[in-house]
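Everything on this sheet refers to the single structure shown next.
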Amino acid sequence: MVTAVDSHPADFDPDEFRDLGYRTVDIIAEYFEQVDELPVFPAKPQSVIEAMFDEPLPETGQRPHEILDEWPERILPNSTHVGSPRYFGYVMGSGTTMGVLADALAASVNMNVGGWKPAPAATEIERQTIEWVAEMIGYPTDCGGMFTSGGTMANLTGILTALRSTAGYDTKSRGLQSDDRPGQFTIYMADHEGHSSVFRVAEIIGLGAEAVRLVPSHDDFTMDVDALVDQLDRDEANGDVPFCVVAQVGSINVGAIDPLEAIADVCAERDIWFHADGACGAVGAILPEKRPQYAGLDRADSVTLDPHKWLSVPYECGCTLVRDPAAMERSFAMHASYLEGTERTPYEGLDYYELGPQMSRGFRALKVWMSLKHLGVEGYRARLSRTVRCTEHLDARVRAADDFVALHEPNLYLYSFQYAPPDLRAAAAADANAREAVDEYLDALNQRIADEIQLSDVAFVMTTSIHDRTVLRLSVCSHRTTTDDIDRTFETLRDIGQREDATLRETFGVAV
């Protein structure tokens, strides 16, 4: 008797699979051919896109070719094209084409890179690639490390390792509610540019967001190390237990790199874990002209970076490096009889589930490994340098314009600035009473500019907050971006700014 399962096998026969595979590759290749000119954002309300995918659970199967038709007909037209050279939102790499192939290959073997036995080649590739990444940024190559889903999980892995290594008692078995617990464990980062994921990590590991202490910054948005020392002294005097200082290595809004060497000195003197959050910018250490800013990174106890950001590896892929591999093993080691044999044999090796929070893990390392082999460090150096030049070009356009305001020196590829008509700036400068009204109006105007350019088909730009003011922010992270893309985006921002300013002033009651 033929069952339903037998009549509808999950696996295609080889010829049918080749046919579908060739068609899929054709769809992907066509997409990359046109991604430069696609509308970056679908510009449709959530309700419209939800309705397009509102359908009942399939009771019977569909023809594979019909399912593939859904991609160009329904999915692509309703996607944000992160691979566009004019996608400047969040901090998202544009995806290497080699990485696309790597993800398909990784999915085909479907290895679980939690343990060595289900993934021997994948484990060793990950081990080797971690060593390569460490070497690239000047970190000790005998470190421990692993690939994670992204920056938050990378920070979680590093900071939880910090807590379990410095707590002074066994937090794994006894938790944070032990009678041996001293005062509040505390984490430190710069007040302006410290990343929100550190608060999330503190919440997840049970310390609470109030355990994160914000340290004053200099005018260039880098941490004031003297203020850090004062904060540590005060907290220790109050019975708190500082266990981790987080330095920004390419901050989220302005690309700031904290004074790593000075922070390393403070942490070494006080026996505090030094964690470098380089999700956005650590790989910039491969650029000779930027390398001096990274002095001291090699002294960090742990470093995070996201290959799916500036290295353009397809989502998702973060990375944690830890100077002492044994610290990771102590923090995450576990025992379960079904995972282990009773005796050791030559046919087993590193189990990544003992180095981090995940037991089931995909083969993320393959796309990093293949992309590095394809481009080499020199190829990546050229790509990163190009984004830096584009950012410097944007800064030059901003400084040359009388209706935009530069807020910081350009560094790496993250840049924030404000649209601010000169007459409004002059009015605010001349009358302190007008300053608040002008600031509030400019907040609204810059948000409107970002909202409108997202709907323009030209570019995707978002806002952020700099010193509590709403400003425009571009993450020039795509290896496809050129100075022509910067110019096109800048001129569109200016056109929208002029148009919206002409209609909004009366609404907001701002007059000069």
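- Counting only distance, with no hydrogens or angles, the side chain of Arg23 and the backbone of His65 share a donor-acceptor pair below 3.5 Å.
- Relative to the ring axis of Trp369, Lys367 does not place its NZ or CZ within 45° and under 6.0 Å from the centre.
- When only modelled atom types and interatomic distance are considered, Gln293 and Asn411 share a side-chain donor-acceptor pair under 3.5 Å.
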> Between Asn112 and Phe363, is a side-chain contact (heavy atoms from CB on, under 4.5 Å) present by the stated rule, with each step listed?
Replying inline: CA-CA 7 Å; Asn112 178 355; Phe363 193 1; over 6 Å; no

>> I'd like to know whether Val249 forms a side-chain contact (heavy atoms from CB on, under 4.5 Å) with Asp258, so could you lay out the CA-CA distance, the side-chain angles of the two residues, the decisive distance to 0.1 Å, and finally the verdict.
In response: CA-CA 6 Å; Val249 188; Asp258 283 331; over 6 Å; no

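- Judged by distance alone, the side chain of Asn78 and the main-chain N or O of Ile75 form no donor-acceptor pair under 3.5 Å.
- Within the 4.5 Å cutoff, the side chain of Cys143 has no heavy atoms near those of the Val322 side chain.
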>> Run the salt bridge (charged side-chain N to carboxylate O under 4.0 Å, His left out) test on Asp15 and Arg18 for me, step by step, so that the C-alpha distance in whole Å, both residues' side-chain angles and the decisive distance to 0.1 Å come before the verdict.
In response: CA-CA 5 Å; Asp15 288 338; Arg18 287 190 182 91; 3.5 Å; yes

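- Note that CG of Asp19 is 10.0 Å distant from CG of Asp13, once rounded to the nearest 0.5 Å.
- Between Tyr169 and Leu176, some side-chain heavy-atom pair lies under the 4.5 Å cut-off.
- Annotation: side chain of Pro357 is in contact with side chain of Thr157 (closest heavy-atom distance under 4.5 Å).
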> Could you walk me through whether Thr481 and Arg386 pass the side-chain contact (heavy atoms from CB on, under 4.5 Å) check?
Replying inline: CA-CA 8 Å; Thr481 302; Arg386 180 170 164 176; over 6 Å; no

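- Side chain of Arg86 to main chain of Ala459: no donor-acceptor pair is present (N/O by atom type, distance under 3.5 Å, no hydrogens or angles).
- The side-chain tip of Arg480 does not point at the ring of Tyr87 from less than 6.0 angstrom away and within 45° of straight on.
- Heavy-atom neighbours of Gln128 CD from other residues, nucleotides or ligands within 6.0 Å: above the threshold of 12.
- Note that the CG atom of Asp277 and the OG1 atom of Thr304 stand 4.0 Å from one another [nearest 0.5 Å].
- The side-chain heavy atoms of Asp240 and Arg213, taken from C-beta on, include a pair separated by under 4.5 Å.
- Put simply, NZ on Lys44 and CD on Glu50 are 14.5 Å apart, with the number rounded to the nearest 0.5 Å.
- A 6.0 Å sphere centred on CH2 of Trp116 holds more than 12 heavy atoms belonging to other residues, nucleotides or ligands.
- Heavy-atom contacts from other residues, nucleotides or ligands closer than 6.0 Å to CG of Asp271 number 12 or fewer.
- A 6.0 Å sphere centred on CZ of Phe32 holds more than 12 heavy atoms belonging to other residues, nucleotides or ligands.
- Ring orientation note: the planes of Phe460 and Tyr90 are close to parallel, at an angle under 30° on the 30°/60° scale.
- In this structure, the side chains of Leu160 and Arg164 come closer than 4.5 Å at one or more pairs of heavy atoms.
- The neighbour count for Tyr347 OH, taken as heavy atoms of other residues, nucleotides or ligands under 6.0 Å away, does not exceed 12.
- A donor-acceptor pair under 3.5 Å is absent between the side-chain atoms of Tyr294 and the main chain of Leu260, judged by distance alone.
- By the 4.5 Å heavy-atom criterion applied to side chains, Val245 and Trp273 are not counted as neighbours.
- The closest donor-acceptor contact from the side chain of Gln358 to the backbone of Tyr353 lies at 3.5 Å or more, if one exists at all.
- Cation-pi check for Arg364 over Phe147 is not met; the charged atom does not lie both under 6.0 angstrom from the ring centroid and within 45 degrees of its normal.
- The residues Asp265 and Arg299 are annotated as salt-bridged, a charged nitrogen and a carboxylate oxygen being separated by less than 4.0 angstrom.
- Relative orientation of the Tyr31 and His81 rings is tilted, given thresholds of 30° and 60° on the angle between their planes.
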>> Pair Gln184, Val241 - check side-chain contact (heavy atoms from CB on, under 4.5 Å), show working.
In response: CA-CA 6 Å; Gln184 171 74 49; Val241 182; over 6 Å; no

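- Residues Leu214 and Met189 form a side-chain contact, since some pair of their non-hydrogen atoms from C-beta on lies under 4.5 Å apart.
- Between Thr96 and Arg383, the shortest heavy-atom distance links the atoms CG2-NH1, 3.9 Å.
- Side-chain N/O atoms of Ser197 and Asn155 include a donor and acceptor closer than 3.5 Å.
- Using a distance-only test at 3.5 Å, with no hydrogens or angles considered, no donor-acceptor pair links the side chain of Gln248 to the main chain of Gly250.
- Within a 6.0 Å sphere centred on CD of Glu135, heavy atoms belonging to other residues, nucleotides or ligands number 12 at most.
- Minimum interatomic distance between Ile187 and Ala202 (heavy atoms only, all atoms of both residues): CD1-CB, 4.4 Å.
- The closest side-chain donor-acceptor pair between Glu348 and Thr345 falls under 3.5 angstrom.
- Inter-residue side-chain proximity for Ile257 and Thr222 is flagged as unmet; no heavy-atom pair is nearer than 4.5 Å.
- The minimum heavy-atom distance between Val476 and Phe88, with the atom names listed, is CA-CD2, 4.1 Å.
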> Between Arg381 and Glu378, is a salt bridge (charged side-chain N to carboxylate O under 4.0 Å, His left out) present by the stated rule, with each step listed?
Replying inline: CA-CA 5 Å; Arg381 192 172 284 127; Glu378 279 299 327; 2.5 Å; yes

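- Atom-to-atom distance recorded for Leu38:CG and Thr80:OG1 is 11.5 Å, nearest 0.5 angstrom.
- For Tyr415 and Asn253, the side-chain atoms include no donor-acceptor pair closer than 3.5 Å.
- At a cut-off of 3.5 Å, with distance as the only test, a side-chain donor of Tyr188 or Thr186 sits close to an acceptor on the other residue.
- In this model, a donor atom of one side chain and an acceptor atom of the other lie less than 3.5 Å apart for Ser94 and His479.
- To the nearest 0.5 angstrom, Leu76 atom CG is 12.5 Å from Arg74 atom CZ.
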>> Please determine whether side-chain hydrogen bond (donor to acceptor under 3.5 Å, both in side chains) holds for the pair Ser302 and His275, giving the CA-CA distance in whole Å, both sets of side-chain angles, and the decisive distance to 0.1 Å.
In response: CA-CA 5 Å; Ser302 53; His275 177 72; 2.6 Å; yes

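- The minimum heavy-atom distance between Ala154 and Cys319, with the atom names listed, is CB-O, 3.5 Å.
- With rounding to the nearest 0.5 angstrom, the CE atom of Met370 is 11.0 Å from the OG1 atom of Thr129.
- Using a 4.0 Å cut-off between a side-chain N of Lys or Arg and a carboxylate O of Asp or Glu, Glu392 and Arg389 do not qualify as a salt bridge.
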